[in-house]
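Read through the structure below, which is laid out as C-alpha cells, and then see the notes.
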Amino acid sequence: MTDLPAGRVPKHFIEQAIDADLATGRFSQVATRFPPEPNGYLHIGHAKSICLNFGLAQKYAGTCNLRFDDTNPAKEETEYVESIMEDVRWLGFQWDRLHYASDYFEQLYDWAEQLILAGKAYVCDLTGDQTRQYRGTLTEPGQDSPYRDRGVQENLELFRGMRAGQYADGLRTLRAKIDMASPNLNLRDPVMYRILRATHHRTGDTWCIYPMYDWAHGQSDSLEKISFSICTLEFENHRPLYDWFCLNLGIHHPRQIEFARLNVTYMVMSKRKLLQLVKEKHVSGWDDPRMPTISGLRRRGYTPESLRNFCADVGMAKFNSTIDIVRLENAVREHLNRVAPRYLAVLDPLKLTITNWPKNPDGSAEVQLSHAVSNPESPEAGLRDVPMTGSLLIERDDFREQAPSKFFRLKLGGAVRLRAGYIIDCHDVVKDADGKVIEVLCTYDPSTKSGEDLSGRKVKGTIHWVSAAHAAQVEVRNYDRLFTVENPESTEAGKTFLDYFNPDSLRVTTAWVEPALLNVEVGQAVQFERLGYYCPDPDSKPGQPVFNRIVPLRDTWGKIASKED
RNA sequence: UGCCCGAUAGUGUAAUUGGCAACACGACAGAUUCUGACUCUGUUAUUCUAGGUUCAAGUCCUAGUCGGGCAGCCA
C-alpha cells in the first residue's frame, strides 16, 4: 500500500514547498523537529507528525530533533517525557539531537531584554481580565495598555524584578509591542512572559517567569537552525507572530508550514479527553489497548510498520478530514498478513468426535501430528506440529444442523476439511434436553490427510479446530472501537463524549488453543486462523498467556449472514 | 458579522503547475482458495455555486455558499 510503483512519486504540498526553498537557496538543507509538550501520552495523531518530520529528514538527508516544548510547568511531567521518547523510538525513528525548550530559558530571557532595549516589548501591569478587555474582540480593535509607553529603563528594571521574584504570580507580564488594532488577535501585543511559581520538571524553582508558546517555540526552532517548522493548522494565525519575533531579533528564520491534524472515526484525540478517560478509569490507563495512544496501539499489537504505512496512506493536506478507522485496521491486517504466524484457536467450542478414529493397541486414541504451514504468505516461516486426535473442539458457528447451500461449513450430512487435517463427514449429532446440539459425530477420510492428499476429493469449506485433550485454555480480550459513533467529539445537546462510550469495547472470554500458542512472546502478533490477529498482553504470565485481539479478519460470510437477517 | 485557511467519486489523496480527471480504500459482481483470509478481474461514482480571462480552467481572477481556526498570563 505504501510501496508506490516505480516512476514519479507524487509529492505532497510540504515536499513541494521544500523543493522550492531548496531550489531558490532560501535553505540549503532540511532540518525539522518534533516538538511535543510533555503533558500527556502521544497518540496516533502525533504519529502522523512524527512520520512527517522524521520522514522528511530521511528523504532529504537532513536532520530531525526531538524537542520538548516544556514552557508550562503546571502541566508537564517527566513521566510524559519518557513515554514520548519510548514511543518515538518504537515507531522506528531516532532523533539527531534531544532538546528541551527549558534549555533555552536563559537565551530567551536575554532576547527579551534585547526587545525591551529596542522598544519592542514592555512590562504590563494589567490583570488577566483587563488584558482580555483591552484586547478587543474578533470584530473590534483592541486598546493600548496604559503601560504600553513605559520607558526602556523602567521596563528593564521591572522585567528584572519579575525574574527576581519581586512580584506575585500574575501581577505583571512582558508583552511584545506590536499592534492592538491588528485584525489578527495574535498580534495585539501578545504576552511573552507570565509570572508563575511552579516547580518545573527540569529547571526546578530556578525560574518564576515562564515564556509563552509563541515566544519560546519559534526561538527554539531558530536556535536549532530548523529550516521547516511544521505544525498543525490551528497555528496558521500564529505565523505572522512567529515571523515577527525572528525578524525583530534578526535571528535565523525558519519557515513555518501548517498541515491538517489527523482525525479518525470512532476515536477521540484531544489530550483533555484522553486524560479524562484515564483519570476517571473508563480505561485501564494510557496504554489501554483501546486507546488511540501509541502505547495503547503498541499494547494492542499494532506494529510500527503498520502505523507508518497508515500515516503515509492518509496523505498530507490542509483540509480537515476524518479518516475511516477501517483504513487503520486494513493497515495492520496488511502487515500482519505478511508476518504473523498462524495458529489454531477456538473461541466458542463445540465438541466433535471422529467415530472411526484409530486406537492404539492399549485402547487409547491415537495421537497424530499435523504438519501445519506457519504462514502461507511466507513459506520460509516453515511448519509446526499440531496434535490431533479423534476428540476435537470446533467453533460453534462452524456447524449447523441444516443450512442454506451458501453455508460452506459443517452441516449434518455434509463434509468439510479440518484445517491441516482431514476431510470429515458429519453423520450425527447429540443434543441435550433442550434440543441444543452439544456434540457432532463425524467420520474422517484417511486418504485426505493434509499435505499428502491424492484422493482428488474437494470440499467447499475448511474449518479450524483443536484437540480437546491437548488444548490449553487462555484468556482472550476481544477489543472493539471505544465509541459507538463515528464522531464522539461532536455531541448532541446535553451529552458528552462519554455517553457514546462503547460498553462492548472489551469482552473477555476463554479460548481453547493449540499448545504451541503457550510459547508466544508478549508483543508477538499471531493470527488465530479464520478469526483474527491476536497478541499476548503484558499481563501474560509464563504458560498463561492473555491474548489481545488486534483486529478480526475480514468476514465476508458474516456480512452475507447478517444481510439475511 | 473582523481576519486567516480550506472545498476534486461514499471516504481520503493525485493531476507533469493552464493541456484527455486518476490512485487507494469502500461498496457491488465474479474468479481463485486446505483461512468465506490473502490474491486476482470487473463495475460503480468526482472538480461547491455563479460569472470572468483563455484556443483550453480542478488549476488563474471576482463574487457568493458551505466548513474549519482565532478573543489563555495553554500549547
Side-chain angles (χ1 to χ4, degrees), chain A residues 1 4-5 8 10-12 16 35-37 39 69-72 74-76 124 126-128 131-133 135-142 169-175 182-188 190-196 209-210 212-214 216-217 231-240 258 260 265 271 313-324 326-327 330 333-334 337-338 342 344 372-373 376-377 406-409 416-423 448 450-451 453 458-464 527-532 552-561:
Chain A
M1 133 162 64
L4 291 158
R8 184 170 45 242
K11 292 193 172 187
H12 56 68
Q16 290 175 11
E37 183 189 12
N39 68 343
D69 251 346
D70 54 352
T71 56
N72 185 356
K75 293 183 179 176
E76 295 150 8
C124 180
L126 254 25
T127 65
T131 304
R132 192 175 313 119
Q133 282 160 16
R135 185 157 32 229
T137 68
L138 293 176
T139 52
E140 303 159 22
D169 284 11
L171 205 61
R172 298 189 213 268
T173 56
L174 183 73
R175 298 226 255 162
S182 171
N184 182 341
L185 299 248
N186 295 118
L187 262 18
R188 320 245 261 228
V191 172
M192 295 166 64
Y193 279 96
R194 74 279 211 183
I195 302 173
L196 180 61
I209 57 171
Y210 289 94
M212 300 290 292
Y213 165 85
D214 287 303
H217 187 86
C231 61
T232 43
L233 251 28
E234 67 268 27
F235 293 105
E236 214 158 10
N237 292 331
H238 292 242
R239 182 159 21 103
E258 310 85 13
T265 57
K271 281 191 188 175
D313 192 42
V314 299
M316 199 60 63
K318 294 189 72 165
F319 177 69
N320 263 308
S321 60
T322 302
I323 306 298
D324 193 329
V326 305
R327 299 182 76 118
N330 283 339
R333 283 195 193 103
E334 190 271 339
N337 177 51
R338 286 184 280 129
R342 272 60 167 171
L344 298 177
V373 175
E377 302 292 322
K406 278 195 169 181
F407 185 83
F408 301 153
R409 285 112 97 139
V416 79
R417 174 173 287 282
L418 295 173
R419 179 68 164 157
Y422 299 90
I423 291 176
T448 60
S450 180
D453 182 353
K458 295 281 180 205
V459 287
K460 196 69 181 165
T462 299
I463 64 173
H464 58 275
Q527 184 191 105
F528 288 1
E529 288 219 33
R530 302 209 308 131
L531 294 174
L553 254 32
R554 276 171 57 148
D555 182 11
T556 307
W557 166 247
K559 211 184 283 182
I560 296 168

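Chain naming here is simple, since letters A, B, ... match the order of the sequence lines and numbering starts at 1 in each.
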**OP:** For A:F528 and B:G36, give me the distance from atom CZ to atom P, rounded to whole Å.
**Re:** 17 Å
Original post:
What integer number of Å spans the C1' atoms of B:A24 and B:A14?
Top reply: 10 Å
Original post:
Between B:G36, B:C73, B:A75, which nucleotide gets closest to the side-chain atoms of A:D69?
Top reply: B:A75
**OP:** Identify whether any heavy atom of A:T265 sits under 4.0 Å from a base atom; if not, whether one sits that close to sugar-phosphate; answer base, sugar-phosphate or nothing.
**Re:** nothing
Subject >> Touch class at under 4.0 angstrom, heavy-atom based, for A:L126 against every strand present >> reply: base
Original post:
Contact class for A:T173 vs. all strands (heavy atom < 4.0 Å): base, sugar-phosphate, or nothing?
Top reply: base
Original post:
Closest to the A:T462 side chain: B:C25, B:C74, B:G36?
Top reply: B:G36
**OP:** Let me know the distance between CG of A:N330 and C1' of B:C25, rounded to the nearest Å.
**Re:** 7 Å
**OP:** Please determine, for the side chain of A:F407, which listed nucleotide (B:G36, B:C70, B:A24) has the closest atom?
**Re:** B:G36
Original post:
Between B:G69, B:G2, B:G12, which nucleotide has the shortest distance from any of its atoms to the side chain of A:L138?
Top reply: B:G2
**OP:** Please examine the side chains of A:K458 and A:I423, heavy atoms only from C-beta on, and report whether any two atoms are closer than 4.5 Å.
**Re:** no
**OP:** Select base, sugar-phosphate, or nothing to describe what A:S182 touches, counting heavy atoms under 4.0 Å on all strands.
**Re:** nothing
Original post:
So what does A:K271 touch, heavy atoms closer than 4.0 Å: a base, only the sugar-phosphate, or nothing?
Top reply: nothing
**OP:** Compare side-chain N and O positions of A:R135 against OP1 and OP2 of B:C73 and report whether any pair is under 4.0 Å apart.
**Re:** yes
Original post:
Is A:H238 touching bases, backbone alone, or none of the nucleic acid, heavy atoms closer than 4.0 Å?
Top reply: base
Subject >> Shortest side-chain distance from A:R132, nucleotide among B:G72, B:A24, B:U35 >> reply: B:G72
Original post:
B:C4 P sits how many Å from A:N184 CG, rounded?
Top reply: 9 Å
**OP:** Identify, between A:R530 and A:E37, the residue whose nearest nucleotide on RNA chain B lies closer to the 5' end.
**Re:** A:R530
Original post:
Nearest to the side chain of A:N337 - B:C38, B:A75, B:U35?
Top reply: B:C38
**OP:** Considering just the side-chain nitrogens and oxygens of A:Q16, establish if one lies under 4.0 Å of OP1 or OP2 belonging to B:A14.
**Re:** no
Subject >> Closest nucleotide among B:G68, B:A71, B:A24 to the A:T137 side chain >> reply: B:A71
Subject >> For atom CD of A:Q133 and atom C1' of B:C73, their distance in whole Å >> reply: 15 Å
**OP:** Pick the P atom in B:G10 and in B:U49, then give their distance to the nearest Å.
**Re:** 13 Å
Original post:
Counting any heavy atom closer than 4.0 Å, what does A:F235 reach on the DNA or RNA strands: base, sugar-phosphate only, or nothing?
Top reply: base
**OP:** Answer yes or no: is there an ion pair linking A:R419 with A:E529, defined by an N-O contact shorter than 4.0 Å?
**Re:** yes
Original post:
Rounded to the nearest Å, what distance is computed from the CZ atom of residue A:R554 to the P atom of nucleotide B:C25?
Top reply: 9 Å
**OP:** Name the closest nucleotide to the A:N237 side chain, picking from B:G36, B:G69, B:G2.
**Re:** B:G69
Original post:
Expressed in angstrom and rounded to an integer, what is the separation of A:K75 atom NZ from B:C74 atom P?
Top reply: 8 Å
Original post:
Looking for any heavy atom pair under 4.0 Å, which part of the strands does A:R342 touch: base, sugar-phosphate only, or nothing?
Top reply: base
**OP:** May I ask you to verify if any side-chain N or O of A:T71 is less than 4.0 angstrom from the OP1 or OP2 atom of B:C74?
**Re:** no
Original post:
For A:T322 and B:U11, is the shortest distance between a side-chain N/O and OP1 or OP2 below 4.0 Å?
Top reply: no
Subject >> Aromatic ring proximity A:F408/A:W557, centre distance under 6.0 Å >> reply: no
Subject >> RNA chain B base-pair string [pairs: Watson-Crick or G-U under 3.5 Å; |: paired with another strand] >> reply: .((((((..((((.....[..)))).(((((.......)))))....(((((..]....))))))))))).....
Original post:
Quick one: do A:D453 and A:R417 make a salt bridge, cutoff under 4.0 Å?
Top reply: yes
Original post:
Of all the choices, B:C34, B:U35, B:C70, which nucleotide is nearest to the side chain of A:R417 once you look at every atom?
Top reply: B:C34
Original post:
Any donor and acceptor pair, going by atom type alone, linking the side chain of A:D324 with main-chain N or O of A:R327 inside 3.5 Å?
Top reply: no
**OP:** Answer yes or no: are there more than 12 heavy-atom neighbours, outside A:K406 itself, under 6.0 Å from its atom NZ?
**Re:** no
Original post:
What is the nucleic acid contact for A:E529, judged by heavy atoms within less than 4.0 Å: base, sugar-phosphate only, or nothing?
Top reply: base
**OP:** With heavy atoms under 4.0 Å as the rule, sort A:E140 into base, sugar-phosphate or nothing.
**Re:** nothing
Original post:
When you check the glycosidic angle of B:U17, does it come out syn, meaning within 90° of 0, or anti?
Top reply: syn
**OP:** Using the six-membered ring for Trp and the full ring for Phe, Tyr or His, decide whether A:F319 stacks on the six-membered base ring of B:G6 (centres under 5.5 Å, planes under 30°).
**Re:** no
Original post:
Taking the P atom of each, how far is B:C55 from B:U46, in whole Å?
Top reply: 30 Å
Protein-nucleotides 29-33 of chain B N/O pairs under 3.5 Å:
none

Subject >> Gap in Å between the two P atoms, one belonging to B:C61 and one to B:A7, rounded >> reply: 13 Å
Original post:
Could you state the CZ-C1' distance from A:R188 to B:C4, rounded to the nearest angstrom?
Top reply: 13 Å
Original post:
Roughly, in whole Å, what's the span from NZ in A:K318 to C1' in B:G6?
Top reply: 8 Å
Original post:
Base, sugar-phosphate, or nothing for A:I323, non-hydrogen atoms under 4.0 angstrom?
Top reply: sugar-phosphate
Subject >> Glycosidic conformation of B:G72, taking syn as within 90° of 0 and anti otherwise >> reply: syn
**OP:** Under 4.0 Å between any heavy atoms, over every strand shown, what does A:G558 touch: base, sugar-phosphate, or nothing? Just pick one.
**Re:** nothing
**OP:** Name the nucleic acid region contacted by A:R333, choosing base, sugar-phosphate or nothing; use a 4.0 angstrom heavy-atom cut-off, strictly under.
**Re:** nothing
Original post:
Counting any heavy atom closer than 4.0 Å, what does A:E258 reach on the DNA or RNA strands: base, sugar-phosphate only, or nothing?
Top reply: nothing
Subject >> Given B:C73, B:A75, B:C28, the nucleotide with the shortest approach to the side chain of A:T131 >> reply: B:C73
Original post:
Checking A:T232 side chain against A:E234 main chain: does a donor-acceptor pair fall under 3.5 Å?
Top reply: no
